[in-house]
Trainee: 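Sharing a structure here in structure tokens format.
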Amino acid sequence: MPSGNDSERLQKYLSRIGIASRRRIESWIAEGRISVDGRIAEPGERVGPASRIRIDGRPVRVRSASRGAASATRVILYNKPEGEICTRSDARGRPSVFRRLPALKRGRWISVGRLDINTRGLLLFTNDGDLAHRLMHPSSSIEREYLCRVYGDAPAAALDSLREGRTVDGRIVKFLRVRRTRGEGRNTWFSVVVSEGRYREVRRLWESVGCTVSRLNRIRYGDIVLPRGLKPGNWIELDPGPVRRLCGRPGHGP
């Protein structure tokens, strides 16, 4: 087993060079899909410059752990339209967000979380799987802000309940903040903030008080805000400053 300054954990190395997120690589290790030096990789496996890594039998070229520094890290911000899925392929032939992204000479784009097919707005991608892991990990408690059009009665008591916490699938979840932005009656726009962004969390919280979300748009992830002029289906690459902040300690919002 490699040791010393030139070695690192297998899942961290593969995520850092953009193969996939650390969580997905850990699942591949558990499924026995990765081998190191001719044997099936184990949890906690370490690799070095001389290690021979294969995924599903296909070789992965190992580089020194000192390479792949933050200067090579790229992050793009994509304005996802409704109707696109956040997986790379789909048996039903639905369009994927990955089809619009720029080509990479090395590695591949990893999405920082997902948005469901009916949700639009800010979606981050990076070629650094370790960064993606940090940005998505619950311990980071990074704020996600959404604008949502809600149909149904939402009196003050219901909003207080959403702030205090509701039981969804046996878990207590809540909005860190919720405020009415425009509209009135039974069809109103709200701004809401959550800290984890689990699958359909915003929609299901509203459903727990008898309301239905008819439009949902993510406008902020930590310190990164969706630019007003960025049209759905378009992307921009973040400047080095925001990338350095993401690589350090992710922001928790303004």
Trainee: Measure the shortest side-chain to side-chain distance between Glu82 and Asn118 over non-hydrogen atoms and say whether it is less than 4.5 angstrom.
Mentor: no
Trainee: Are Tyr146 and Leu159 in one and the same hydrophobic cluster, where Ile, Leu, Val, Met, Phe, Trp and Tyr link if side-chain heavy atoms are under 4.5 Å apart?
Mentor: yes
Trainee: For Glu201, give me all partners under side-chain contact (heavy atoms from CB on, under 4.5 Å), at least two apart in sequence or on another chain.
Mentor: Val173, Val194, Glu196, Arg198, Leu205
Trainee: To the nearest 0.5 Å, how far apart are CD1 in Ile117 and CZ in Arg94?
Mentor: 4.5 Å
Trainee: Do Ser191 and Glu145 have side chains that approach each other closer than 4.5 Å (heavy atoms only, starting at C-beta)?
Mentor: yes
Trainee: Any donor-acceptor pair under 3.5 Å linking the side chain of Arg144 with the backbone of Ser195?
Mentor: yes
Trainee: Identify the heavy atoms of Met136 and Gly113 that sit nearest to each other, and give their distance.
Mentor: SD-N, 2.9 Å
Trainee: Any chance you could measure Thr212, atom OG1, to Asn187, atom CG, to the nearest 0.5 Å?
Mentor: 10.5 Å
Trainee: Just how far is it from atom CD of Glu31 to atom CD1 of Ile40, taken to the nearest 0.5 Å?
Mentor: 12.0 Å
Trainee: Decide if atom CZ of Arg33 counts as having more than 12 heavy atoms of other residues, nucleotides or ligands within a radius under 6.0 Å.
Mentor: yes
Trainee: Can you name the closest pair of heavy atoms from Ala41 and Val36 and give their distance?
Mentor: CB-CG2, 4.1 Å
Trainee: Are Ser35 and Arg54 linked by a side-chain donor-acceptor pair shorter than 3.5 Å?
Mentor: no
Trainee: Do Tyr221 and Leu123 come close enough that some side-chain heavy atom pair is under 4.5 Å?
Mentor: no
Trainee: Would a distance-only check, ignoring hydrogens and angles, find a side-chain to backbone donor-acceptor pair under 3.5 Å from Arg218 to Leu122?
Mentor: yes
Trainee: For the CG atom of Asp37 and the CZ atom of Arg52, what is their distance to the nearest 0.5 Å?
Mentor: 5.0 Å
Trainee: Which of these passes side chain to side chain contact (heavy atoms under 4.5 Å, CB included) with Ile224: Ile219, Leu124, Ile142, Leu135?
Mentor: Leu124
Trainee: Among residues at least two apart in sequence or on other chains, which ones pass side-chain contact (heavy atoms from CB on, under 4.5 Å) with Thr126?
Mentor: Thr73, Val75, Val112, Asp128, Leu131, Ala132
Trainee: Counting only heavy atoms not in Arg163, do more than 12 fall under 6.0 Å of its CZ?
Mentor: yes
Trainee: Are any side-chain N or O atoms of Glu45 and backbone N or O atoms of Glu42, one a donor and one an acceptor, separated by less than 3.5 Å?
Mentor: yes
Trainee: Taking all non-hydrogen atoms of both residues, which atom of Val97 and which atom of Cys86 are closest, and how far apart?
Mentor: CG2-CA, 3.8 Å
Trainee: Can you find a heavy atom in the side chain of Arg46 that is under 4.5 Å from one in the side chain of Arg9?
Mentor: yes
Trainee: Spell out, as yes or no, whether a donor-acceptor pair under 3.5 Å connects the side chain of Arg108 to the backbone of Ile19.
Mentor: yes
Trainee: For Val213 and Arg215, which heavy atoms make the closest approach, and how far apart are they?
Mentor: CG1-O, 3.3 Å
Trainee: Would you confirm whether Arg180, through its side chain, and Ala154, through its main-chain N or O, come within 3.5 Å as a donor-acceptor pair?
Mentor: yes
Trainee: What distance separates Arg203 CZ from Cys211 SG, expressed to the nearest 0.5 Å?
Mentor: 13.5 Å
Trainee: Let's go through Leu162 and Val192 carefully: what are the C-alpha distance in whole Å and the side-chain angles of both, what is the deciding distance for side-chain contact (heavy atoms from CB on, under 4.5 Å) to 0.1 Å, and is it a yes or a no?
Mentor: CA-CA 10 Å; Leu162 291 170; Val192 302; over 6 Å; no
Trainee: Between Val193 and Trp189, is there shared hydrophobic-cluster membership here, with clusters defined by ILVMFWY side-chain heavy atoms closer than 4.5 Å?
Mentor: no
Trainee: Report yes if some heavy atom in the side chain of Pro43 is under 4.5 Å from a heavy atom in the side chain of Glu26; otherwise report no.
Mentor: no
Trainee: Is there a donor-acceptor pair closer than 3.5 Å between any side-chain N or O of Tyr78 and the backbone N or O of Arg100?
Mentor: no
Trainee: State plainly whether one hydrophobic cluster holds both Leu147 and Tyr151, where clusters connect Ile, Leu, Val, Met, Phe, Trp and Tyr through side-chain heavy atoms under 4.5 angstrom apart.
Mentor: no
Trainee: Phe125 and Trp235: same hydrophobic cluster, using ILVMFWY side-chain contacts below 4.5 Å?
Mentor: yes
Trainee: Any heavy-atom pair between the side chains of Ile25 and Lys12 that's under 4.5 Å?
Mentor: no
Trainee: Working note: Leu10 + Val47, criterion side-chain contact (heavy atoms from CB on, under 4.5 Å); need CA distance, chi angles, decisive distance, verdict.
Mentor: CA-CA 6 Å; Leu10 175 61; Val47 295; 3.7 Å; yes
Trainee: Search all heavy atoms of Arg74 against all heavy atoms of Asn127 and return the closest pair with its distance.
Mentor: N-OD1, 2.7 Å
Trainee: Could you walk me through whether Arg114 and Ile85 pass the side-chain contact (heavy atoms from CB on, under 4.5 Å) test, one step at a time?
Mentor: CA-CA 9 Å; Arg114 297 182 177 183; Ile85 61 171; over 6 Å; no
Trainee: Would the distance check show the side chain of Arg88 and the main-chain N or O of Ser96 forming a donor-acceptor pair, the cut-off being under 3.5 Å?
Mentor: no
Trainee: For residues Trp206 and Leu115: do they belong to one hydrophobic cluster (side chain heavy atoms under 4.5 Å, members Ile, Leu, Val, Met, Phe, Trp, Tyr)?
Mentor: yes
Trainee: Got Ser89 and Phe98 here, is their nearest side-chain heavy-atom distance under 4.5 Å?
Mentor: no
Trainee: State, to 0.1 Å, how close Pro102 and Trp109 come at their nearest heavy-atom pair, and which atoms those are.
Mentor: O-NE1, 2.6 Å
Trainee: Might you work through the side-chain contact (heavy atoms from CB on, under 4.5 Å) test for Ile55 and Ile34, ending with a clear yes or no?
Mentor: CA-CA 5 Å; Ile55 301 175; Ile34 304 180; 4.1 Å; yes
Trainee: Should Ile110 and His133 count as side-chain neighbours, where that means a heavy-atom distance under 4.5 Å?
Mentor: no
